[in-house]
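What you are looking at is a predicted structure, and each value in this text was computed from that prediction instead of being measured. In what follows, chains are A, B, ... by sequence order, proteins preceding strands, each numbered from 1.
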Number of protein chains: 2
Amino acid sequence: MPSSSRRPGIAFLLAQLGADATGRFADALAPAGITPPVAGVLRLLRVEAGMSQQDLARRLGVAPSRVVAVVDELEERGWVARTRGSDRRTNALALTPAGEEAFGRVAAVAAGHERAVTEGLAAAEREQLLALLERLAALRGLVPGVHPGYRRP
Amino acid sequence: MPSSSRRPGIAFLLAQLGADATGRFADALAPAGITPPVAGVLRLLRVEAGMSQQDLARRLGVAPSRVVAVVDELEERGWVARTRGSDRRTNALALTPAGEEAFGRVAAVAAGHERAVTEGLAAAEREQLLALLERLAALRGLVPGVHPGYRRP
DNA sequence: TATTGTTATACTCTATAACTATA
DNA sequence: TATAGTTATAGAGTATAACAATA
C-alpha cells in the first residue's frame with residue numbers, strides 16, 4: 001500500500017493501474033484454469049522453443065527451483081514436453097499441439113483484457129498512451145514480454 | 001509473469017511499469033527503514049486523523065488483522081498513538097509529532113521516486129502521460145491514494 | 001570441479017477463524 | 001447478539017541450500 005503525497009503522480013498511478021491490470025488479467029485467465037505464470041511460460045516457449053529450464057529461469061528472472069513446479073504442471077496437462085537436450089543434463093522444453101491450443105486461449109483472453117483495460121479511451125488517446133508507455137518502458141530498460149520487469153540482484 | 005501476445009499492449013505495459021515502479025519505491029524507502037504498508041498508513045492518517053483500525057482496513061482493502069501488525073510497528077516507533085475512541089472498543093489512531101516527521105521523509109522519498117520514474121520524458125510528455133493515466137484511473141474507478149486499486153470481494 | 005534439474009526447507013505476506021472485551 | 005481489536009493458524013508464493021546425475 002504505497003501512496004501518493006497529495007495528488008497522485010505518474011509513479012503512483014502506474015503502480016495502481018498496474019496492480020489493477022495484473023489482478024484483472026489473473027481473474028480473466030482463471031475460468032480457463034490458467035495462472036499468470038503458466039501463461040507467461042506458454043508464451044515464451046511459443047516464441048523460443050527448445051529452451052532449457054535454466055534458460056527459462058534466467059529469462060523470467062526467477063529461481064530455477066520455481067521453474068520446476070511450473071513445468072511440472074505444464075507437463076501434467078500435456079501442454080509442454082521435456083525432451084532430451086544436446087546435453088543429457090538439460091531438458092529441451094517445447095509446446096505440444098495441446099499446448100499450442102492452450103496458448104491460443106491465453107491470447108484470446110489477453111486480447112479481451114486489453115480491450116477491457118482501455119475501454120472508454122478514444123482511439124487517439126490509446127495510441128498516445130501506448131506510445132508514451134512504450135517510451136517509458138524503453139527508458140527504464142524493461143525487457144519486452146517479461147513481467148515483472150523489476151529484478152532484484 | 002503474465003505476458004503479451006506479440007507486441008505488448010497497454011495492459012501489459014501498465015502491469016510491467018507498475019511492478020517496476022512499486023519495486024523501486026520499496027527500494028527507495030528501505031534506507032529510511034520504512035516499508036510501503038507503513039508509508040501508506042502514515043499518509044492516510046495524516047489526511048484523516050482519528051480513524052479506527054476497522055476504518056483503516058476498509059480504506060486499504062486489507063483484513064483488520066493485517067492492520068494490527070502495521071499499527072503495532074507504527075506505535076513501537078512512536079509514530080502513531082492508539083487513543084481512546086468514543087466507543088471503548090475502538091482505537092482512534094493519530095500521528096504523533098515524530099510520525100509527522102516520518103511522513104515528511106516519506107514525502108521526500110516519493111518526490112524523488114516520481115522524478116526517477118519519469119526521468120527522460122520531456123515536460124510535455126509528462127503532462128500528457130499524467131492526464132491519460134488520471135483519466136484511465138477514473139474510468140476504472142480506482143480510489144485516489146490507495147494502492148492496490150484492485151480489491152477482491 | 002562446474003552445471004542441470006530436483007528436492008527440502010524456510011521465509012514473507014496475507015487471509016480466515018477463534019477469542020476477549022465491550023456494546 | 002453484534003462489533004472492535006487481537007491472536008493463532010494456515011495457505012500462497014518465492015528463495016536458498018543441499019543433492020544426484022552428468023559434463
Side-chain angles (χ1 to χ4, degrees), chain A residues 1-2 15 19 22-23 25-27 29-30 33-41 45 50-76 80-94 146-148 150-153, chain B residues 1-2 15 19 22-23 25-27 29-30 33-41 45 50-76 80-94 146-148 150-153:
Chain A
M1 15 177 152
T22 299
F25 184 61
D27 287 351
L29 230 31
I34 298 175
T35 60
V38 164
V41 171
L45 289 182
M51 295 179 97
S52 72
Q53 295 183 196
Q54 294 281 343
D55 292 337
L56 207 48
R58 274 188 292 268
R59 278 293 289 271
L60 296 169
V62 301
S65 61
R66 174 87 193 100
V67 172
V68 176
V70 177
V71 174
D72 279 351
E73 183 184 341
L74 264 333
E75 198 179 37
E76 276 162 28
V80 161
R82 285 173 159 115
T83 63
R84 273 273 172 280
S86 54
D87 192 318
R88 268 199 300 176
R89 289 173 303 184
T90 68
N91 294 329
L93 304 173
V146 177
H147 171 327
Y150 188 70
R151 315 262 184 85
R152 280 176 179 71
Chain B
M1 9 171 159
T22 299
F25 184 59
D27 287 351
L29 231 31
I34 298 175
T35 61
V38 164
V41 171
L45 289 182
M51 295 179 97
S52 72
Q53 296 183 193
Q54 294 282 343
D55 292 338
L56 207 48
R58 273 187 292 268
R59 277 294 290 271
L60 296 169
V62 301
S65 61
R66 175 86 193 101
V67 172
V68 176
V70 177
V71 174
D72 279 351
E73 183 184 341
L74 264 334
E75 197 178 39
E76 275 162 29
V80 161
R82 283 173 160 116
T83 62
R84 274 272 173 278
S86 52
D87 192 318
R88 268 199 301 177
R89 290 173 301 183
T90 67
N91 294 328
L93 304 173
V146 177
H147 173 328
Y150 189 72
R151 316 261 183 85
R152 280 177 181 69

Of D55(B) and A63(A), the one whose closest DNA chain D nucleotide lies more 5': D55(B)
Could you state the atom-to-atom distance from [atom1] of [X] to [atom2] of [N] in whole Å?
| X | N | atom1 | atom2 | result |
| --- | --- | --- | --- | --- |
| E73(B) | dC13(C) | CD | P | 10 Å |
| R66(B) | dT12(C) | CZ | P | 12 Å |
| M51(A) | dG5(C) | CE | C1' | 16 Å |
| Q54(B) | dA23(C) | CD | P | 15 Å |
| D72(B) | dT7(D) | CG | P | 7 Å |
| Q53(A) | dT3(C) | CD | P | 17 Å |

Flag side-chain contact, heavy atom, 4.5 Å: [X] against [Y]:
| X | Y | answer |
| --- | --- | --- |
| S52(A) | R89(A) | no |
| Q53(A) | L93(A) | yes |
| V41(B) | V38(B) | no |

Members of residues 81-94 of chain A that approach DNA chain D, where some heavy atom sits under 4.0 Å away: D87(A), R88(A), R89(A)
Sequence-distant partners of R82(B), salt bridge (charged side-chain N to carboxylate O under 4.0 Å, His left out), two or more places apart: D72(B), E75(B)
Polar side-chain contact S65(B)-dT14(C) base: donor and acceptor under 3.5 Å: no
Earlier contact from the 5' end, DNA chain C, for P64(B) and P64(A): P64(A)
Heavy-atom pair of closest approach, residues V71(A) and L56(A): CG2-CD2, 4.3 Å
Set of side-chain contact (heavy atoms from CB on, under 4.5 Å) partners for A92(B), sequence neighbours left out: T83(B)
